[in-house]
2 protein chains.
Amino acid sequence: MSYISYMIDDNAPSSPLSRKAAPPTDFGFRPLYRQVKEEFVRRMVDGRWATGTALPSEQGLAAELGVSQGTVRKALDELAAENVVVRRQGRGTYVAEHDEARILFQFFRLVPDDGIARFPDSEVLSQGVHAARKDERAALALPPGAKVARIRRVRSLARSPVILETLSLPDRLFPGLTQSLAPNSLYAHYASHYGVTIAHTTERLKAVTLAGEDAARLDRPAGHPALRVERLATALDGRAVEWRVSLCLTDTAHYLVNDAPKGPHKAA
Amino acid sequence: MSYISYMIDDNAPSSPLSRKAAPPTDFGFRPLYRQVKEEFVRRMVDGRWATGTALPSEQGLAAELGVSQGTVRKALDELAAENVVVRRQGRGTYVAEHDEARILFQFFRLVPDDGIARFPDSEVLSQGVHAARKDERAALALPPGAKVARIRRVRSLARSPVILETLSLPDRLFPGLTQSLAPNSLYAHYASHYGVTIAHTTERLKAVTLAGEDAARLDRPAGHPALRVERLATALDGRAVEWRVSLCLTDTAHYLVNDAPKGPHKAA
DNA sequence: TCCGGAATGTCTTATATAAGTTATATGATA
DNA sequence: TATCATATAACTTATATAAGACATTCCGGA
C-alpha cells in the first residue's frame, strides 16, 4: 500500500512518473508531490521549460500527469519557496528569470551603508581558458586535466572600485564563455546562452588585509582591511558550476545577512 | 462574501479569531490560515505556549478554533518554515527550543575551517546597567533616557580567543540580567527566564583591523584583520531586543552563508 | 523480554469554491 | 464607421475542507 496507487489510476494515460518495483525495504520512496516537483526540475534542466516562460496551468499539469491540482500546487509551492518559479495570482506561474533586480536581492549581499542597493559596474582585467588548478578542481569537483574558464575583473560602485574577483567555471559546461566580453550580469547569461540556472550559493567569508597588486587594483594602501568572499554556485541539478573568490572593500558598504524571512514577519 | 463566513459558523463556539467590520475597501483582509497563525504566535508571546511544550494536535486545534485541520496545518507550515515550531510525524508539534545545537546551526555562522562546528566558551569581561548610548537607542528603538543592560565578553574555541563582543539589551525587558553571570547560551536564557523568544536576526559585516585594547584581548598584533559583525536580534512579536557587536578572528575559521536550502535540494 | 495492535499524532491527496487577471464582447458616442 | 468605456466571460492561482495513509508510542499478553 503506497501513494503510488494513485499513479496507476486508470484514467491517467501512461504517466511519466513512476517508481521502480518496490524493494522489501521501502527506501527511496518519495511522496507524489515530490515526484511531480522533480519532474518539473527535469524539464527546466533539459531546457523544455526555459527561464522566463510561463508554465501550463495547475489544472493542465494535473491532467497531464494524472494527479490532482492540489498535488501540482504543493510541488510548485516548494519551487516557489526556493525562488525557482514565480507565481502571480490570476496570471500564471513562470520560471524565474535572473534579471538584474532578482540577482541584486538574492545573490548580491554587499550593500552600501546608506541601504540603497545598486548593481556595480564591471571591468574585465583578463579572461581565458586554462588547466584547472588544484583548488579549482577541489571546489568544482573536476577530474584531473580538466579545463576551466577563468575571469578576473574589478567591480565599481559610483566609479570607485569595490570588488576584485576571480571566477572559475568548468570549460566543458561553458564553451566559448571567455571568447566574448563577459556581460555584467553573468547569471542571466549562463541561463540564456548555456541553459544553466543557478539555484543555490554558498559563501565563506574571512577578513584579510590587502597587499601588493590587489591593494593597487582597489586603490587602497597595503594593510587595508577587506572582506574575502569565496562563493560556490550550484545549478538546479545540484552540480557546482561556478567558483568565485572576491575581495570586497567594506569602507562604505557592508555584507548583509538575514536569517529566515520567509513568510511575512511582524505577526501580532 | 469573505473567508470570515467560515469563522462565524454555527458550530464554532465564540472563536477568538475575528475581523473588524469590513470597510468599503477590503484593505487589511487576511486569509483564515494567517489569522490562525497570528493566534498561535500570540499564544507563544504571552507565554501560554512556552518553549519546548507540545502543541495540541492539529485536529484538536482545528476543533477549538472552528476551522479545518488543513487550515491549522497551513498555519503551522509557515511557523515550521520559520523555525518557530518543530514537527515530528507520529509524535506531535513542539514550540522550538533554543538548545545549544539549534543555536549553533541557526544563529552562529562562524565555523572552523575544518568544518566541525563547536560552541565557543565564554568569559565575561564586564556587565552592568547603563544609560543607553545614542547608537544603542537607534538600534533598539529606545526612547531617550532608557537604560540598557550591557555585557562585554570574550569567546574562545579550543582555549584560543576568537570573538570579542559587546551586547546591549533593553533593561526594561530583561530586569536583573546582569546581576548574575551571563550563561553561555544566552538565547535559551532569554526564553526560559524572560519569556523572550528570538525569532529573527539581521547581521551586517565589515572587515576591519584590530587596534589597541581589542587587539590585546584577542591576542593579536595591532593591524591584524578581523570580521566586525553587527547583529540585531528580533523577538517573535517583531521587537528588536538585542544588539550585539562582535569582532571575530577569521584566521582559522570563516563565516558561512547558505542562501535558500529550504526543501531538500538535489532534486532529479 | 519480545511482539502485536490500538490509539493518536502528522502527512498526503483530492475536491470545491473564492479571488484575481486578461481577453472579448457590447454599446454609447462622436 | 471608429473609438472608448464598461460589462462579461474565460482563464489563472489562492484558500478551505475532508478523508485516508503513514509514523510513533504505549500497553497488554505470551
Whole angstroms only, please: what is the [atom1]-[atom2] distance between [X] and [N]?
X      : N       : atom1 : atom2 : value
K74(A) : dA14(D) : NZ    : C1'   : 16 Å
E78(B) : dA14(D) : CD    : P     : 13 Å
R73(B) : dT12(C) : CZ    : C1'   : 8 Å
D77(B) : dT10(C) : CG    : C1'   : 11 Å
Y33(A) : dC22(D) : OH    : C1'   : 13 Å
R87(B) : dA23(D) : CZ    : C1'   : 14 Å
L65(A) : dA14(C) : CG    : C1'   : 15 Å
L79(A) : dT13(D) : CG    : C1'   : 15 Å

Problem set entry | Side chain of Q69(A) (C-beta onward), nearest among dT13(C), dA18(D), dT15(C) | dT15(C)

Exercise. Do the charged groups of E38(A) and R34(A) touch, with an N to O distance under 4.0 Å?
Worked result: no

For this session: Report yes if at least one side-chain N or O of T71(B) is closer than 4.0 Å to OP1 or OP2 of dT17(D); otherwise report no.
Result: yes

Exercise. Residues two or more places apart in sequence or in another chain: which of them pass side chain to side chain donor-acceptor pair (under 3.5 Å) with S57(B)?
Worked result: none

Protein N or O to nucleotides 7-12 of chain D N or O, pairs below 3.5 Å:
| residue | atom | partner | partner atom | Å |
| --- | --- | --- | --- | --- |
| dT12(D) | OP1 | S57(A) | OG | 3.2 |

For this session: Apply side chain to side chain contact (heavy atoms under 4.5 Å, CB included) to S192(B) and list each qualifying residue two or more places apart in sequence or on a separate chain.
Result: none

Problem set entry | All side chain to side chain contact (heavy atoms under 4.5 Å, CB included) counterparts of L104(A), not counting sequence neighbours | F108(A), A117(A), F119(A)

For this session: Would you list the pairs meeting side chain to side chain donor-acceptor pair (under 3.5 Å) in which at least one residue belongs to residues 86-97 of chain A, sequence neighbours left out?
Result: E58(A)-R87(A), D77(A)-R87(A)

Problem set entry | Set of residues satisfying ring-ring contact (aromatic ring centres under 6.0 Å, His included) with respect to F40(B), sequence neighbours excluded | W49(B)

